[in-house]
Structures are given as structure tokens and as C-alpha cells.
Amino acid sequence: MARQPSSAQPGTPAKKQQKANRLLDSDRPIGFFSSLKFELSVLIVISTAIAFTMAWFLLKVGLTGWVAMPITLAVALGITYLFSRGLTAPLRQMRDAAEAMAEGDYTVRVKTGTDSNDEIGMLARSFNEMAEELQHADQMRNDLIANVSHELRTPVSALQAMLENLADGVVEPTPANMESILNQTHRLSDLIAFLLDLSRMEAGAASLQIERFNFADFIDETIEPLEIADSGHAHSIDMRVPDDLVMEGDQDRLRQLFTNVIGNALKHSPDDTEVLIETHEDKTSDTIVTNVVNFGSQIPVEARGDIFRRFVKGKTGPGTESGGTGLGLSIARWAAQLHGGTVRVVDDPRGADFEITLPKHHIPPDTGKPTAADND
């Protein structure tokens with residue numbers, strides 16, 4: 001994530017502290033007009049008028065020209081400096097902000113002159129917009145790295161467990177086992193391709209590869225690598241999904257959704273416990289509702305919204321891998337929203353219950369209506 005401004009850190013060098021102080025400059029004493037040239041003309045007129053008036057007054061009170069002239073020039077220079085300093089204050093801040101951004105701090109902004117109507121005011125606003133874009137791009141880069149490391153964990157763990165079992169002679173290298181390993185490598189390759197494209201999709205260019213599929217088969221394929229990676233913790237998964245349930249969606253995106261939610265339930269389940277996956281169709285709203293229940297544990301009501309935020313980690317406790325990077329549930333919510341669905345924690349006396357609601361038929365975002373293929 002972007003670093004905090006260095007001026008807020010203890011032991012800040014004097015040079016950086018001076019930069020921070022400059023950002024606190026007062027508002028510009030001039031800047032009401034829409035043209036910098038007009039403002040400079042007004043400044044010259046004001047300085048000339050004040051200098052002329054003062055020279056006339058000093059001569060009027062009996063001072064000689066050799067005394068009145070230096071005083072008049074000093075006053076005129078002081079007034080010019082005061083107003084010109086206000087004109088150039090945003091430029092000084094832009095210089096300091098550019099130096100800070102070159103050191104990796106994208107949080108600095110130009111604060112003076114952003115409300116002005118002249119060219120400097122427009123430049124200050126454009127500079128802040130550029131800084132916002134740079135900070136957003138830097139944040140997306142950091143998020144992408146974190147997402148990659150998080151999302152690759154499940155297939156890599158499954159591959160490692162399979163190969164260790166083969167190396168130890170626990171399982172035979174049968175065609176079925178080798179095919180399972182090959183399937184995981186294919187899934188890993190697809191996942192890498194998806195994650196490398198994540199920044200483009202989050203920028204608004206996301207596209208879904210919609211297809212019809214059997215939901216029970218999809219869940220079976222999703223939990224297979226999770227069960228392999230979970231070996232040694234004796235968790236059991238009770239799946240109650242109708243065999244004839246068919247839905248439309250992007251399987252790759254939905255696999256991330258269910259992998260993260262089910263994986264989260266396994267992480268926070270004590271050994272030798274059960275995780276329930278229960279699905280039913282809500283014909284009233286034409287949605288498919290899936291509940292993933294982690295028996296025995298509960299999530300406080302006040303914490304249910306925060307756990308879906310990025311980098312918010314769960315409490316350490318018994319399970320496969322308590323804690324983590326704090327990205328799984330955030331990614332799950334993002335994948336659900338791509339399909340027009342939701343994921344939330346609901347009240348359940350049995351334990352932590354994550355309820356996933358997804359439209360049964362894909363609804364294009366630009367029309368708000370099901371596609372023609374949906375009405376069969």
C-alpha cells in the first residue's frame with residue numbers, strides 16, 4: 001500500500017519537514033479571475049497606483065525625492081512580492097509533491113489554488129487528478145501481487161499434496177491420479193492468466209464468459225482441491241446440492257467465489273469437524289442460494305461487514321490455516337457482485353453461516369433483462 005507522508009513520521013529530516021510546512025500555505029490572496037495574464041495586469045496596476053500615491057504623499061509631507069523614492073520602491077516591491085507569492089504557491093506545492101511522489105509517496109496533494117479559476121488553478125486540479133490516478137495504479141499493483149499470492153495457494157497446495165503422496169508411495173501413479181494432477185496444473189494456468197488480467201478487469205473492462213452448467217458438478221470440482229489441501233485436519237464436507245440444478249455464469253469467477261468462502265470455513269474450523277454446503281433454488285426471485293456453515297464458531301454482528309474488506313484478517317484459531325492475507329472474502333464478494341449476486345453472513349445458531357445468493361439466469365448489465373437463452 002502507499003506509504004504515509006514522510007512528514008508524519010518521527011525523526012523526519014529538516015528538508016522533508018519544510019516540504020510539509022509548505023503544504024500548509026495560506027490561500028492565495030489573488031486568483032479570482034479566469035486569466036493569469038489579467039491577474040498579473042491587475043497586480044501591476046495595483047502596485048503602480050500604490051507607489052504613485054505613496055510618492056505623492058511623501059513629497060506632500062516635505063520629504064525630498066531622494067528619500068521618498070527608496071521608500072516607495074520598497075513598498076511597491078513588498079506588495080508585488082506578497083501577491084506574486086500567492087500566485088506561485090500552487091507551483092511550489094506541485095514541486096514538493098512531485099519530489100515526494102518520486103520517492104514513492106503518492107498521498108500528497110496540492111491544497112492551495114485548487115478553487116481558483118485561472119490557469120494555475122486548473123493546473124493544480126489536473127495535478128491532483130494525476131496524483132489520484134498514480135495512487136490508484138500503485139494500489140492496484142500492490143493488490144494484484146497480494147491477490148496472486150493468495151489465489152495461487154489452493155492449487156499449489158493441492159499439487160504439492162498429490163506429488164508428496166506419489167513420492168512417499170501412499171498412492172500409485174495411476175492414470176487417474178496423473179490426470180488429477182494434470183487438471184490442477186490446467187486450473188493453475190487458468191488462474192494465473194486470470195490474475196494477470198485482474199487490474200484491467202477492475203478498471204472497468206471485466207467480461208464474463210457465461211455458460212450453462214450443472215451446479216452440483218461445479219461444487220464437486222470446486223471442493224476437490226480444497227479437500228486435498230486440507231488433508232491432515234480431518235474435516236468433512238457435507239454437500240446438500242440438488243443434482244438437477246442448472247445455472248448460468250462464469251465458472252472461473254464463481255470458482256474463486258466458492259473456493260474462498262469454503263476455504264475460509266475450513267480455515268476456521270477445528271480439526272475433526274464438519275462444514276455444510278447447502279443449496280436451494282428461490283423460485284420467487286429466480287436465484288440460487290447457497291449456505292456455507294462452519295459449525296461451532298460465530299462471527300459477531302458488528303464484525304460481519306468488516307470481514308469482507310481487503311486486508312482484514314480473521315482471528316487466529318484452530319483450523320487449516322487461520323488468519324491469511326485478508327483478501328479471500330473480499331475477492332469472493334467481488335466475484336459475486338460481477339454476477340449481480342451477494343455474499344453475506346446471516347444469523348444461524350449452528351455457527352458461522354455465509355449465504356451466497358446468485359441469479360440463476362445471467363442478466364446483462366446494460367439491459368437489466370435475462371438473455372433470450374434464459375427463457376427456456
Side-chain angles (χ1 to χ4, degrees), residues 1-139 141:
M1 298 179 65
R3 295 184 288 115
Q4 294 298 318
S6 55
S7 58
Q9 300 174 358
T12 302
K15 182 178 179 181
K16 292 186 176 181
Q17 188 64 45
Q18 290 174 359
K19 293 181 182 179
N21 292 337
R22 289 196 196 105
L23 296 179
L24 301 178
D25 286 344
S26 59
D27 292 336
R28 303 167 69 197
I30 193 170
F32 301 105
F33 304 104
S34 59
S35 173
L36 179 61
K37 291 185 293 184
F38 188 73
E39 290 175 344
L40 291 174
S41 300
V42 170
L43 176 59
I44 293 173
V45 170
I46 292 175
S47 299
T48 304
I50 293 177
F52 178 81
T53 302
M54 177 161 289
W56 175 83
F57 175 77
L58 293 176
L59 292 173
K60 189 75 172 177
V61 297
L63 294 178
T64 64
W66 294 105
V67 176
M69 185 61 67
I71 297 176
T72 302
L73 290 176
V75 172
L77 287 174
I79 295 173
T80 304
Y81 174 79
L82 174 65
F83 282 90
S84 63
R85 188 174 184 275
L87 285 174
T88 59
L91 299 178
R92 293 194 301 273
Q93 290 193 10
M94 277 183 260
R95 178 201 62 197
D96 296 335
E99 291 177 359
M101 291 167 64
E103 297 176 359
D105 183 3
Y106 298 103
T107 63
V108 292
R109 298 291 184 270
V110 177
K111 299 179 181 179
T112 301
T114 54
D115 295 330
S116 301
N117 299 319
D118 58 13
E119 291 85 351
I120 293 182
M122 290 187 289
L123 178 61
R125 291 190 290 271
S126 298
F127 185 92
N128 284 342
E129 292 175 3
M130 179 194 68
E132 289 283 353
E133 290 298 325
L134 289 175
Q135 183 179 10
H136 177 66
D138 184 67
Q139 184 65 54
R141 177 181 61 83

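Side-chain contact between L91 and L123 is present, with heavy atoms from C-beta onward closer than 4.5 Å. Between R109 and E132 there is a side-chain heavy-atom pair separated by less than 4.5 Å.
Between A124 and V110, the closest heavy-atom pair is CB-CG1, 4.0 Å. Residues F127 and A97 approach most closely at CE2-CB, 3.6 Å, considering heavy atoms.
We find the OG1-CG distance between T72 and L77 to be 11.0 Å, quoted to the nearest 0.5 Å. From M130, atom CE reaches atom OH of Y106 across 10.0 Å, with rounding to the nearest 0.5 Å. The distance from atom CG of N128 to atom CE of M94, rounded to the nearest 0.5 Å, is 8.5 Å. Between atom CE of residue M101 and atom OG1 of residue T107 there is a gap of 10.0 Å, rounded to the nearest 0.5 Å.
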